[in-house]
Amino acid sequence: MAKLLYQRVTGMQDVLGDDQRYWRFVLERARHTMDLFGFERIDTPILEQATLFKRGVGRGTDIVEKEMYIFEDRDGDLLALRPEFTAGVMRAYIQNGLHTQPPPLKLWTTGPLFRHERNQKGRYRQHSQLNLEILGETDPAVDAELIGAAWFLFSDLGLTGLKLHLNSTGCPACKPAYVQKLTDYFRQYESILPEDDKRRLRQNPLRILDTKEETTRPLLDDAPQFVDHLCADCANHLGKLRTYLEARRIPYQIDHKLVRGLDYYTKTVFEIKAPGSLGAQDVICGGGRYDGLIETLGGRPTPGIGFGSGIERIVLTLKAQNIEPPRTVTPLAFVAYLGEAAKVEAIRLTAQLRDADIPAQMSFGDRSLKAQLKSANRSRAKFAIIIGEEELTREVVTIRNLETKEQQDVPFPEIIRKIVNNEE
RNA sequence: GUGGCUAUAGCUCAAUGGUAGAGCACCUGGUUGUGGCCCAGGAGGCUACGGGUUCGAGCCCCGUUAGCCACCCCA
């Protein structure tokens, strides 16, 4: 590779060519799903006050402590590129007084997020997510509605073999007691725990549950499980949610080892995993309930639940499953010209075709007809429209069907109609 | 933040320490105004960058940068 003056910033990607087809497919189906489920689009700024994320996501989390792109702007304000969506959406909810909307409020958004981590398959410093939130309702039917939207979208995209993992991380009433029980259990084995797990035991005991350490994993079998230590309210919530998921025919498995990194989750947590060749990052959707979050951020107490789903990972999964997105629009007509006078007519005609809603391209650069037809062929156009001196004097164009090789002369006023009719 | 692997043409990759190549893609020609296939030709490289060893480095050594994969963590 030649010496590059500039190259991509680490962990960023250019999305081009065929990849655009996958992205377009995902976003179009997502829009469609959101319309079906009645989610309203919201867009929030990429920049927020850094403290919003510290307060919202949690000071103990890696996302905030180690991974945020954070900087002082020219006014001296401490800003951060958003590392996740929820905190910003909650800020917008509070600031715009959205509590006056009849609950539940169903919102969705999409866009880039930034986390300064080492990249690997399915993990980038800038990545995009689809993000859904349902606010103002504690009914577990809302949890099922949210998960149902994700499940619908993935099915609609044609993905198969997905697994929905479900767990509950309790609430302030039952979480501390469980964490204590779990800590007590692992304390017995502290001397044999690997370094990483010793650290987890001190800093975030729940994380031991999803450890990958071989020496620790056998110990998990006898470890206390959260579902056995939920308070009546949380246990009831989980039970109802299971009923409602079953009513939607969404298969799931209770996963005692499922915990999530963000501080704000209460009760329901879930992940959807894609099977096979995605590498270690196989979670394409993850989220949960956060009933205390809005209050933490200065709003009136409002329950909520949401999830994020990584678009890059969805695209990787589509490719791994050999799912071909629909072809993007190809031109119906490609206009070729010979000579300056014909070029002006070609420009005029191309504009007319587009005005008639016919996808059209023309060639540039005064090249040989051979070269122009080669371009026409490559553009996947169905018709080549040829304008030369000869046609110009007779006020016709030659329309060549690039599939059948048939061609005919067509007078200027009939060109549009001819193209449209032939297409049908 | 930690570890492993890698870096040659736009892409995928060759080249015992001894003259940097192929396929694909691109451009031109084989028709004076007719595409895909075929044929001929062309353009495209300070072998990521900076040092070192050597008579001689794409190849060996060191550093930097970047990429990939995994850990941590997460979508």
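Heavy atoms only: backbone and side chains are in, while hydrogens, waters and symmetry mates are out. Lettering of chains follows the sequences in order, A, B, ..., and the numbering in each one begins at 1. Computed from a predicted structure; not experimentally measured.
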*Check every strand shown and say whether A:Gln407 touches a base, only sugar-phosphate, or nothing at a heavy-atom separation below 4.0 Å.*
base
*Reckon A:Gly287 touches a base, only the sugar-phosphate, or nothing at all at heavy-atom distances under 4.0 Å?*
nothing
*Provide the distance between the two P atoms, one in B:G33 and one in B:G50, to the nearest whole Å.*
50 Å
*Assign A:Glu65 to base, sugar-phosphate, or nothing according to its heavy-atom contacts below 4.0 angstrom with the strands shown.*
nothing
*Could you check whether A:Phe334 gets within reach of a base, just the sugar-phosphate, or nothing at all, counting any heavy atom under 4.0 Å?*
nothing
Show me the donor-acceptor pairs, under 3.5 Å and distance only, between side chains in residues 138-148 of chain A and residues at least two apart or in other chains.
| unit_1 | atom_1 | unit_2 | atom_2 | d |
| --- | --- | --- | --- | --- |
| A:Asp139 | OD1 | A:Ala141 | N | 2.8 |
| A:Asp143 | OD1 | A:Arg289 | NE | 3.3 |
| A:Asp143 | OD1 | A:Arg289 | NH2 | 2.6 |
| A:Asp143 | OD2 | A:His237 | NE2 | 2.8 |
| A:Asp143 | OD2 | A:Thr268 | OG1 | 2.6 |
| A:Asp143 | OD2 | A:Arg289 | NE | 3.3 |
| A:Glu145 | OE1 | A:Arg248 | NH2 | 2.5 |
| A:Glu145 | OE2 | A:Lys106 | NZ | 2.7 |

*Pick base, sugar-phosphate or nothing for A:Ala280, based on heavy-atom distances below 4.0 Å to the nucleic acid.*
sugar-phosphate
*asked:* Classify A:Arg200 by what it touches in the nucleic acid, base, sugar-phosphate, or nothing, heavy-atom distance under 4.0 Å.
replied: sugar-phosphate
_Walk me through whether A:Lys382 and A:Glu403 qualify under side chain to side chain contact (heavy atoms under 4.5 Å, CB included)._
CA-CA 7 Å; A:Lys382 187 168 181 187; A:Glu403 286 153 22; 3.7 Å; yes
*Any side-chain N or O of A:Arg118 under 4.0 Å from OP1/OP2 of B:G4?*
no
_Nearest-Å distance for atom pair CG/P, residues A:Leu146 and B:A75_ = 14 Å
*asked:* Within the 4.0 Å heavy-atom criterion, would you say A:Gly365 contacts the bases, only the backbone, or no part of the nucleic acid?
replied: nothing
*With C1' as the reference atom in both, quote the distance from B:U53 to B:C11 in angstrom, rounded to an integer.*
35 Å
_Below the 4.0 Å mark, does B:C74 have OP1 or OP2 next to a side-chain nitrogen or oxygen of A:Gln281?_
no
*Contacts to RNA chain B from residues 213-220 of chain A, heavy-atom cutoff under 4.0 Å, which residues?*
none
*Determine, for A:Glu195 against A:Lys198, whether the closest basic-nitrogen to carboxylate-oxygen distance falls under 4.0 angstrom.*
yes
*Footprint string (nucleotides 36-42 of chain B, 5' to 3'): B base within contact, S backbone only, - free, heavy atoms under 4.0 Å*: B------
*To the nearest angstrom, how far is A:Tyr6 atom OH from B:A66 atom P?*
16 Å
*Name the nucleic acid region contacted by A:Arg380, choosing base, sugar-phosphate or nothing; use a 4.0 angstrom heavy-atom cut-off, strictly under.*
nothing
*asked:* Over all strands shown, is A:Asn119 touching base, sugar-phosphate only, or nothing at heavy-atom distances under 4.0 angstrom?
replied: base
*Side-chain N or O of A:Gln7 closer than 4.0 Å to phosphate OP1/OP2 of B:A48*: no
